[in-house]
Enquirer: 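Sharing a structure with you now.
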Amino acid sequence: MTNPSYVRVIIDRAIHRELDYAVPEGLMNRVGVGSRVRVPFREKSALATVVAVTEQSEAKGIRLIEAVVGEAPILSEQLLELGRWICAYYCCPIETVMRSLLPQVIRRAEVGWKKQLFVQPGRKIDNNELEKLRKRAPRQVELLETILRLEAPTRASQLLRQTSLDNQTLRALVKRGLVELREDAVIRDPHANEQFIATSNLILNQEQTHALKEITHALDSPEKSRRILLHGVTGSGKTEIYLQAIRAALDRGRTAIVLVPEISLTPQTVERFKGRFADVQDAVAVLHSHLSEGERHDEWHKIHSGRARIVIGARSAVFAPLKNLGLIIVDEEHETTYKQEESPRYHARDVAIVRAKIEKCVAVLGSATPSLESYHNAAIGKYQLVTLTQRIDEKQMPLMRVVDLRQERRKEKSATILSEKLRAAIADRLEKREQTILFLNRRGFSTSLLCSNCGEARNCPNCSVALTFHRHPAVAGRLSCHLCGHTAAVPKKCPACGKDALIYAGFGTERVESTVSQIFPKAVVRRMDADSMTRKEAYRETLRDFRTGRIDILVGTQMIAKGLHFPNVTLVGIINADLALHLPDFRAGERTFQLLTQVAGRAGRGETSGEVFVQTYTPFSPSIQFARHHDFSGYFQQELEFRERCDFPPFKHAVLITVRSAHEGRAKLSAETLQRRLKEALPQEFILGDATPAPLEKLQGQFRFHILVRGEAIIRLSRLVRETVDKLPFPEDVIVTIDVDPYQLL
Ligand SMILES: [Zn+2]
Ligand SMILES: [Zn+2]
């Protein structure tokens with residue numbers, strides 16, 4: 001008798017352990033690393049993923065696996081290795097990582113292919129029999145003759161619709177054996193009804209040619225993984241380089257992943273990729289959060305089976321199960337939406353770098369405003385830096401003008417929405433039939449309702465933020481909280497002092513829209529933010545209307561800041577550049593610089609050069625001044641000095657621990673106890689902060705405390721933090737989360 005084989009599995013439940021099971025002889029040749037299996041667990045059975053196959057097991061009372069689910073192993077050894085790295089680096093249980101590696105719809109056995117009945121001819125029929133049948137059942141013969149003329153099996157439902165015959169007639173033919181029905185899968189393709197026009201390579205300029213050469217050169221040395229940071233100014237034609245680099249990877253028999261921020265995954269982007277690879281259209285799979293479960297299932301299997309060779313998607317597409325991966329592109333690599341804000345709290349760009357290393361493929365990070373982390377990695381030689389300094393077709397960078405709102409305020413005595421200069425510039429564009437984008441990173445009409453008598457603001461009862469007033473019909477003149485969704489009616493009098501002295505203060509995009517419409521009554525003004533884009537098609541329609549010139553002025557939040565390309569936009573107004581600058585976050589300056597550069601990049605992409613007005617109360621802040629002069633390296637140098645002086649990333653890694661509870665005292669006590677234990681557990685080399693109330697002290701009814709730890713040896717730090725947290729018996733209503741390399745510090 002041969003040695004019975006064992007498998008080590010991770011069960012789809014939070015038990016923080018891997019378990020061994022024995023494999024019955026009949027299943028032995030169907031199980032491999034990455035297989036999905038059903039196993040007995042406690043009194044029930046559970047689904048699990050095989051992570052190792054062994055000859056022996058030390059475990060006692062070992063049980064047999066019950067069944068193998070599906071056919072081939074669905075997780076490659078490389079992806080499993082990636083999962084283990086995420087688990088160690090981001091300090092999270094392996095089963096939560098498995099949830100990211102295998103989407104819900106793939107893990108669950110019951111969601112499968114969409115099956116439909118197909119019709120094809122059955123046994124032969126001679127003329128004699130046919131004529132007899134024609135007399136008795138003419139409709140059956142009519143249907144049969146149609147089926148005999150079919151060139152390929154056809155969907156039963158479609159056939160019946162075309163012939164206006166009923167199911168009963170079809171069943172009768174099946175019963176006679178003249179027709180056969182077969183069940184088969186149909187693909188749910190989210191882009192099935194769209195036509196993509198094939199495009200060919202554009203001619204590259206000298207800088208682009210050089211960049212492409214560097215990438216193909218890296219593809220040609222597959223024995224080692226190469227990392228390239230592509231730093232190209234807005235409008236320098238990075239996407240064209242991506243497209244040609246992907247073609248080069250395909251030509252070498254390899255596959256490619258393109259990550260884009262969810263917000264940039266517009267129809268415009270998808271069209272560009274589907275169009276370029278129209279000759280192999282089925283080869284492009286798209287993964288994003290708006291897919292239905294069925295579509296997600298089918299796209300995933302299209303990738304897993306090897307039919308799709310290019311995957312475009314948001315964050316989670318970094319786990320796409322492509323084989324023979326040659327190239328991973330991370331576009332707009334500085335975007336913080338690559339960071340997942342729930343466990344596992346991974347950063348897709350960093351995961352992409354590690355996956356590229358495991359799969360021995362090329363990683364390309366692209367951005368007009370690289371993150372400090374990536375640019376630093378290039379500066380110290382970890383990444384190869386490739387720079388594009390020119391816009392394509394020799395277009396000029398837009399002219400940036402800074403408007404000092406402090407002076408405007410002296411003139412107007414109230415907060416300025418549109419300065420005189422910006423107003424004049426808009427009027428000028430309207431006259432010339434050119435388009436304007438106005439950007440404000442804040443939704444709503446008024447951002448707070450204050451009492452002018454006692455100074456009390458209307459705050460959310462669940463969160464420590466002011467309620468925003470919306471005029472938009474969807475919320476119909478109510479106050480609402482942008483963090484938890486709580487809404488309230490506008491009170492007639494101040495609930496605190498009883499006086500009729502309530503005033504609206506601060507403004508958001510709704511107010512900008514209405515002010516602009518008042519000043520320019522003849523202009524067509526449209527707003528694009530999370531409130532106005534609730535319908536699925538609204539986004540696409542607004543973009544189309546803007547592109548075709550039916551909208552003169554587009555007002556919006558970051559939704560309009562990224563990657564959009566409108567040749568007729570010659571003016572961009574940044575209504576308030578200070579909003580991000582004063583957040584208690586060490587990246588505030590970096591984000592402001594990036595945002596200004598990105599928004600400004602929307603201007604002057606056509607024949608006429610662009611102009612940008614930056615309205616600010618702090619005109620001399622470095623982020624604004626460097627952005628104004630398009631001086632990335634100047635900005636980078638001074639910001640890097642600040643980070644080094646203060647022991648912040650990229651010089652030290654940070655780990656942010658949040659302790660929260662609905663009970664303030666218990667949250668505070670738990671945070672302080674944890675901080676003391678960390679002090680005992682962590683060696684001197686790590687910098688441990690105090691337990692302090694989070695900047696956002698209360699969120700969704702929970703009181704929050706922060707502990708920030710910094711250090712260089714991040715995997716060691718992660719492990720020590722995890723061990724210390726696991727050892728402490730926290731009260732049941734206290735929740736502790738650990739965020740490695742955090743981006744959300746509020
Ligand atoms: Zn009051
Ligand atoms: Zn709230």
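One-based numbering, in listed order, for ligands and for the atoms of each.
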Enquirer: To the nearest 10 degrees, calculate the angle at the Zn ion (ligand 2) involving SG of Cys460 and SG of Cys481.
Expert: 110°
Enquirer: Quick check with a 6.0 Å cut-off and a 45 degree axis cone: is Arg587 positioned over the face of Tyr743's six-membered ring?
Expert: yes
Enquirer: Using the ring of Phe703 (Phe, Tyr or Trp, six-membered ring only), decide whether Arg660 places NZ or CZ under 6.0 Å from its centre and within 45 degrees of its axis.
Expert: no
Enquirer: To check your reading of the site, what angle at the Zn ion (ligand 1) do SG of Cys497 and SG of Cys494 form, to 10°?
Expert: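 About 110° at the Zn ion (ligand 1).
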Enquirer: Can you confirm whether more than 12 heavy atoms, excluding those of Arg628, are under 6.0 Å from its CZ atom?
Expert: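 Yes, because the 6.0 Å sphere around CZ of Arg628 holds more than 12 heavy atoms from other groups.
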Enquirer: Under the ring-ring contact (aromatic ring centres under 6.0 Å, His included) rule, what do Phe566 and Phe546 come out as? Steps first, then yes or no, please.
Expert: CA-CA 8 Å; Phe566 300 109; Phe546 193 54; 4.9 Å; yes
Enquirer: So that I can tick it off, tell me whether Arg443 and Asp529 are bridged by a salt bridge, with the cut-off set at under 4.0 angstrom between side-chain N and carboxylate O.
Expert: no
Enquirer: Which angle, to 10 degrees, forms at the Zn ion (ligand 1) with SG of Cys454 on one side and SG of Cys451 on the other?
Expert: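 For SG of Cys454 and SG of Cys451, the angle centred on the Zn ion (ligand 1) reads 110°.
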Enquirer: Nearest 10° is fine: what angle sits at the Zn ion (ligand 2) between SG from Cys484 and SG from Cys463?
Expert: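 An angle of 110° at the metal.
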Enquirer: Would His486 count as a contact for the Zn ion (ligand 2), in the sense that one of its N, O or S atoms lies under 2.8 Å from it?
Expert: no
